Amino acid sequence: MIALKEIRKSFGRHEVLKGIDLEVEKGEVVAILGPSGSGKTALLRCISYLERPGSGRMQIGDVAVDCSHPSKKDIHRLRGRSAMVFQQYHLFRHKTALQNVMEGLVVVQNVPKEEARLRSVELLGKVGLGAKLDAYPSQLSGGQQQRVGIARALALDPDVILFDEPTSALDPELVGEVLAVIRKIAREGITMIIVTHEMAFAQEVASRIVFMDDGAVIEEGPASEFFRSPREERTRQFLRRMTPEAVYNI
Amino acid sequence: MGTSVDVSYVFEYFFRLLPSVGITMKIVVLSLLIGSAVGMLVALPRLYRIPVLQRLSQVYVSFFRGTPLLIQLFLIYYGLPELLKLAAIDVSRMPVLVFVVTAYALHSGAFISEAIRAAVGAVDRGQVEAGYAIGMTGFQAFRRVVLPQAIAVAMPVLGNLIIANLKDTSLAFSLGIMELTGKAQTLPTMSQRFFESYLALALLYFILSFILEKLLYRLERRLLRHEAADGAAASRIRRRRVKEGDASGRLNLTEEGALR
């Protein structure tokens, strides 16, 4: 479904991804965890091709690309297979919630306007924003904007939805509503890769956890096992710091 | 020559100038339409850092910003035919208006390109990424996401340019175009009431600018309607402002108290 092979990425002389291998099956929900600067966001941005990997091979659905020398067409087709939910939402500021969701359908996928409208209205209803169709992003709360962002990604019917720390920019009281929506679509069997700092959420929603540090995958495994019995010392260290109990024990 | 200002002449000239508004507006509209296209084309190489074209567009912009418009009018009026002659194109029968519009279009094009360049730079990078992420091509992302937002941002600057362009058309008279200013200079040849004529002319320019200003303001509001312009968000902001006002008011009181 999704296969990454030896993905490398450098910013200048600093290598942020040191040969990442990752496979994600259809319907899997993979959470990528790791300390800041471990390269997890860089990896996600490479998969969406917002960042160009220096080398490696990447396949999403039926599109396979050699990252050393991809053609413009390759990149465009690959981007068409994934959708992204951004940390800062990045809704189109000059468009209403409805127009945001419709945009990709109408402009990229050439779906007739009326059909695109119906589908978008349905999706916005699904994320609980049926009453906000004509609101501009500036009139929505962070949580609402992020839910529009999720609807916009869903509309494209991609092979995978990539979540880049979808709740990190939100007020704590708004995190819940966004996580609830992600939980809901995870249950529908949509393939997702989620970069997050919400440990409890990752444990609950992800079928598999990938732990990264310093540009490499340190450990991966089923969510239940990962949290109960991590194999690597580096992982244990990270989990100790991230779980609240440890904080209270100090 | 009359000894004092005769208001009746001001009125008379004002109405006799009205028919010339047409030619002035023709220069404004045509040159702005062409100028926008030119400005857009010139801004692109610098936005996308295209090697040679980027330099050319820089030279173009500095030239038209750095030389007086009046000189540009003459250079184009006398120079362009010579240049085209080299390409075996004869423009000696071309109406003067064509050269005038060309000059104004190139002039405003330089400024418009700068306005667009700055405004595009002001659009958040995340907006383009969001476009790419939903599968847009670079061109689609530019046209559907960046440009509409950039134009909204540039509107105040573009508005100034449009009004400046209107006033600058008064120089077209120097090539013999009978627009407003040209007309205003010929009207009083019999009466010698030049001051009254210029007064009427100034009034007319002012009214035109005023109308344009209002229209542009409306357009700006419309283009920026997505920035918390109405509904809940606007009242939220208003409420916040009122609250801040309260707070500062109280602050002033305590300061006064301290002073006393």
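Quick note on labels: first sequence line is chain A, next is B, and so on, each numbered from 1. Both backbone and side-chain heavy atoms feed into the values below; hydrogens, waters and symmetry mates do not. Because the structure is a prediction, the values reported are computed rather than measured.
Contacts of residues 144-165 of chain A with chain B at a heavy-atom distance below 4.5 Å involve A:Arg152, A:Leu156, listed in sequence order. Within residues 69-86 of chain A, the residues approaching chain B closer than 4.5 Å by heavy atoms are, in numerical order, A:His76, A:Arg79, A:Ser82, A:Ala83, A:Met84, A:Phe86. Proximity to chain B at a heavy-atom threshold of 4.5 Å picks out A:Arg45, A:Leu50 from residues 36-58 of chain A, in numerical order.
The number of heavy atoms from other shown groups lying within 6.0 Å of CZ (B:Phe63) is above 12. Counted within 6.0 Å of CD on B:Gln58, heavy atoms from surrounding residues, nucleotides or ligands total more than 12; the atom is thus considered enclosed. The environment of CZ in A:Phe11 is crowded: more than 12 heavy-atom neighbours from other residues, nucleotides or ligands sit within 6.0 Å. For B:Gln54, the CD atom sits in a packed shell: over 12 heavy atoms of surrounding residues, nucleotides or ligands are nearer than 6.0 Å.
Side-chain N or O atoms of B:Gln127 include one that pairs as donor or acceptor with a backbone N or O of A:Leu91 at under 3.5 Å. Listed for the A:His90 side chain is no donor-acceptor partner under 3.5 Å among the backbone atoms of B:Arg125.
For B:Arg222, the side chain to side chain donor-acceptor pair (under 3.5 Å) test picks out no residue, with sequence neighbours left out.
Counting all heavy atoms, side chain and backbone alike, A:Phe92 lies closest to B:Ala130 at CE2-CB, 3.8 Å.
Between the CD atom in A:Glu103 and the CZ atom in B:Arg144 there is a gap of 4.0 Å [rounded to 0.5 Å].
Applying the side chain to side chain contact (heavy atoms under 4.5 Å, CB included) test between B:His226 and each of A:Gln139, A:Lys95, A:His94 identifies A:His94 as the sole match.
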